Amino acid sequence: MSFHGVPQGVTSPPAPASAGEDESHKTPGTLVLVFVFLAAFVVYYFVNWKLLSFLWRIG
Amino acid sequence: MSDRFRLCPTTGLKVHAQADALIKANAVVATVALLIGGVTAVLVMLTRWQAIHLLPADWFYRLLTVHGMNMLIFFILFFEMAVLYFASAVLLNSRVAAPKMAWSAFVLMVAGTGLVEWTMFTGRADVLFTSYVPLRAHPAFYLGVILFAVGALVVVSIFFATLVVAKREKTYQGSVPLVTFGAATAAIIAVITLGHGAAIYIPTFLWSLNLMHVDAQVYRLVWWGLGHSSQQINVAAMVSVWYLLGGLTVGAVVLNEKISRSAFVLYVLFISMASAHHLLVDPGMGAAWKVWNTSYAMYLAVLASMVHGFTVPAGMELGQRLRGYTKGLFEWLRKAPWGDPGFSALVFSVIIFGFVGGITGVTFGTEQINIIAHNTLRIPGHFHATVVGGTALAFMGVTYYVIPLIFRKRIAFWPLARIQPYLFAGGMLVFSVAMTFAGTFGVPRRHWDISFQQAPFEVQYAPAVDLVIGVMAVGGLVAALGGGIYILVTVWSVFFGQPMEKGARA
Amino acid sequence: MHTGLESPTGVWWKPAHRTEKLWVAIAFGWCMVLFAMMPLWHWKGGQNPTGIRHRVTAEAFAQRTQEFIDTYQVGEEAGIPVVEPPAGSDIYLVGAMWSWRPVLRLRQGVQYTLHLSSVDVNHGFNLYPINVNFQVVPGYDYGLRVTPTAAGEFQIVCNEFCGIGHHLMVGKVIVLPAEQTAAVTGGAP
Ligand code: HEM
Ligand SMILES: [Cu+2]
Ligand SMILES: [Cu+2]
């Protein structure tokens, strides 16, 4: 429960996670997100090379 | 001011009264700078929006200078000084190493700021924050920057001294926390940065007094050694704040200390040469120099950011999963405390920094691609995503924790505070994407009139540009509204807010 | 497990887990692609900012540009001389507060060496509408080998702040189509 004017992390801090070492380290959600990021990166990067190639020849 | 400690009831940390006071003082000045920067942002924005074209040309360039200096230098750096005191004295339960010196440094920084503000507002420094020689400002402008930088350098030394004191007095066990480690890398980069600052502002100050010559290209080279590495301070400080907020809001765990810390070390190792990507289409340097230096030696600093971009959300995910949110791919994210402004600010900061700021930055910083980006609106579009949507937003988020934990006050106007990150992030996202897009049409940055009314030849941008700049203006105004709410909430909470003790859990 | 606010005790230099290793490896691979693209474009691509670079004094560059104008001037537009230099020659463009001199009349598909410099402060060369940008720094002669690939009128917008008249600083380049080029050069390829 949070109460007015104080963020939840102060009023009810997350329970200590020290209970168990999670040896699996499974973070599938994040893995999906970072691959979306990588895909966006690759597309934007190469679109810009394509745009550059339309210019006058410069050297 | 005394040397007493108090016990923080929430975190169990021992807080030194001097650390408390120094954090407050720096945060207050940072907020004043943010206010000046915010008001000028709106005026500048309403001028670039050609439909309104508010300011006359001289005041446009003048207030653009004011906006750049107050936001990028004064707001960000005063805030970072507060972060340094927090990450050293508070997180390590230690006293501040040299409180008297810390206060002198603060006075020096404020004095420098005052000089710079005076020259800018009186029209003695219409040179924009980059002040490229041989554009000339009043000597007091350069002197003010020097005083400010010396003060900052002293604070950085006190940070390191505090780490030593804490170690010697055994105020903590084991290694320093990751957040402190990250702040330490920011501080190391700050030393490199301020070194470049001295190397360029002292000669330029002498030049402004006609005592020596400064070459225009050498100025750009050394100035960006300051200008870019200071952005790397921001990145390192921001990432530290990400880990901090992750821990505070959802108990994010550190997946692997080795990986996160090594990534911070990469920032330190590959930053000093980062000025290159501002000089990719300059005449002073050759291709090999540009290719090697722009990529920070094979993009290892980019690698570091990509690593943090994974470990920060993954730490949050694992933390949430350990607490039982294990369903499907994204229950950990859906069931997160989205109404906590610290949490929403963190998430949007990561997203805007990575998806908009990071991708555009690396792309525009490519030697040849820079030909279609240099000095167009793509550049401010990029850095409003990194330093505003990323760093400033993260700093805003952490304030919602600093106020109850350090200032011992409840957050005023709580419902407004809860939507503040949404307004600021949403507005900034629209603003920076639209700005970047307008730049792809070649629209220049730092330009008073892109309808070129009085120019000798006609230039007419594609009609889409007007529309895109209108969208950018709306986004910018929404972000400015979010910024205004932030200032209202923080100032009110700190000066008129209800103390935490009343009704707080003991 | 602990958060980033807590001091880790004991040895924290531990091997990474599989997903972490996977992502670091992929990110590193991508960084190598980013790095490789730049040398690759120097070798295979058509647009590079290297050029021929020299130091030059403002006076010397202004004088060279004046000689260039005197030799090849064919007219005047908006008070600025228009020059039509021969194919393949060295051409000069000087930035000064707040104009670009001269107006250049070039031919499509022909290579020129375009020398850029400033006689006062930094200026920015931005070619409208195709979005080509170079920094113009006083004291330096930036010689770029350019080949206009399309005919038409182009404007040069100054995109580096250069004082209160910055937004007035617009120049012009005219590129004559290839057919006309053939006529001018007497049909030689
Ligand atoms: C609150 C919302 C903000 C809005 C609406 C805004 C708007 C703008 C606009 C319209 C420009 C002018 C772009 C140009 O003409 O080249 C600009 C420039 C700039 N802004 Fe912001 N800004 C905001 C916040 C910030 C913050 C928080 C920072 C830094 C932490 C920042 C740093 C800068 C810098 C460094 C420049 C470049 C100045 C120059 O080119 O000399 N802005 N901003
Ligand atoms: Cu100019
Ligand atoms: Cu200009």
Side-chain angles (χ1 to χ4, degrees), chain B residues 57-58 61 91 128 132 134-135 172-179 215-217 243-244 246-247 251-259 280-284 286-287 291 295 298-299 302-303 306-307 310 322 362 366-368 371-372 374-376 442 444 446-449 452 454-457 459, chain C residues 1-10 12-14 16-17 20 23-24 27-28 31-32 34-35 37-39 41-42 45 47-51 53 78-80 120-122 124 126 128-129 131-135 137-142 155 157 159-161 163-164 166-168 170-172:
Chain B
D58 53 347
Y61 296 122
L91 282 185
L128 302 184
Y132 291 137
L135 279 178
Y172 64 98
Q173 309 223 303
S175 313
V176 297
L178 180 58
V179 172
D215 181 85
Q217 181 72 77
Y243 284 112
L244 176 65
V253 296
V254 180
L255 288 185
N256 185 297
E257 293 277 359
K258 177 176 76 176
I259 291 208
L280 294 175
V281 293
D282 271 34
V291 169
S295 54
M298 303 197 285
Y299 287 104
V302 173
L303 176 66
M306 288 179 72
V307 169
F310 173 80
L322 288 174
V362 175
T366 304
E367 192 203 6
Q368 295 92 343
I371 296 173
I372 54 172
H374 182 70
N375 274 356
T376 68
R446 302 174 153 182
H447 203 282
W448 179 64
D449 180 20
F452 300 94
Q454 297 137 328
F457 302 106
V459 176
Chain C
M1 311 253 352
H2 61 279
T3 72
L5 284 76
E6 291 148 47
S7 300
T9 46
W12 49 257
W13 189 266
K14 291 185 191 137
H17 288 261
E20 291 140 47
W23 177 249
V24 173
F28 184 73
C31 289
M32 289 305 109
L34 297 175
F35 183 60
M37 276 307 288
M38 292 184 289
W41 202 265
H42 273 283
Q47 295 80 16
N48 288 290
T50 310
R53 295 157 294 102
I80 301 170
D120 38 49
V121 298
N122 274 272
N126 164 265
Y128 166 91
N131 195 14
V132 172
N133 303 277
F134 288 97
Q135 187 78 16
V137 182
Y140 292 80
D141 174 348
Y142 204 168
Q155 277 74 23
V157 172
N159 71 359
E160 183 58 82
F161 174 68
I164 183 67
H166 167 50
H167 47 273
L168 304 175
V170 178
K172 190 165 170 180

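Protein chains get the first letters and strands the later ones, always in sequence-line order, with residue 1 at the start of each. All of these numbers come straight from a predicted model, not from anything done at the bench.
- Between B:Tyr61 and C:His167, the ring-plane angle classifies as parallel under the 30° and 60° cut-offs.
- When B:Glu367, B:Gln173, B:Gln454, B:Arg446 are compared by the number of non-hydrogen pairs under 4.5 Å with chain C, B:Glu367 comes out ahead.
- Contact annotation for B:Ala57: both backbone and side-chain heavy atoms come within less than 4.5 Å of a heavy atom of chain C.
- Judged purely by atom type and a 3.5 angstrom limit, C:Asn122 has no side-chain atom pairing as donor or acceptor with the backbone of C:Gln135.
- Among B:Leu135, B:Leu91, B:Leu244, B:Val176, the residue with the largest count of heavy-atom pairs under 4.5 Å with chain C is B:Leu135.
- Under a 3.5 Å cut-off, the side chain of B:Thr376 and the backbone N or O of B:Pro444 do not form any donor-acceptor pair.
- Ranked by non-hydrogen atom pairs under 4.5 Å with chain B, the options C:Arg53, C:His166, C:Gln155 are led by C:Arg53.
- Of the two parts of C:Val157, only the side chain, counted from C-beta on, holds a non-hydrogen atom closer than 4.5 Å to a non-hydrogen atom of chain B.
- Only the backbone of C:Glu6 has a heavy atom closer than 4.5 Å to any heavy atom of chain B.
- In this structure, the portion of C:Trp23 lying under 4.5 Å from any heavy atom of chain B is its side chain and not its backbone.
- With sequence neighbours excluded, no residue satisfies side chain to side chain donor-acceptor pair (under 3.5 Å) with C:Tyr128.
- Shown here are the ring pair (Phe, Tyr, Trp, His ring centres under 6.0 Å) partners of C:Trp12, two or more places apart in sequence or in another chain: there are none.
- Contact annotation for B:Phe457: both backbone and side-chain heavy atoms come within less than 4.5 Å of a heavy atom of chain C.
- Contacts between B:Val307 and chain C at a heavy-atom distance below 4.5 Å involve backbone atoms as well as side-chain atoms.
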Go through the steps for C:Asn133 and C:Asn159 under the test side-chain hydrogen bond (donor to acceptor under 3.5 Å, both in side chains), then give the verdict.
-> CA-CA 8 Å; C:Asn133 303 277; C:Asn159 71 359; 2.9 Å; yes
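- Annotation for B:Gly442 and C:Asn126: closest pair O-ND2, 3.5 Å, computed over non-hydrogen atoms.
- Looking at B:Ile259, only its side chain comes within 4.5 Å of chain C, counting heavy atoms on both sides.
- Of the atoms belonging to C:Asn48, heavy atoms from both backbone and side chain fall under 4.5 Å from chain B.
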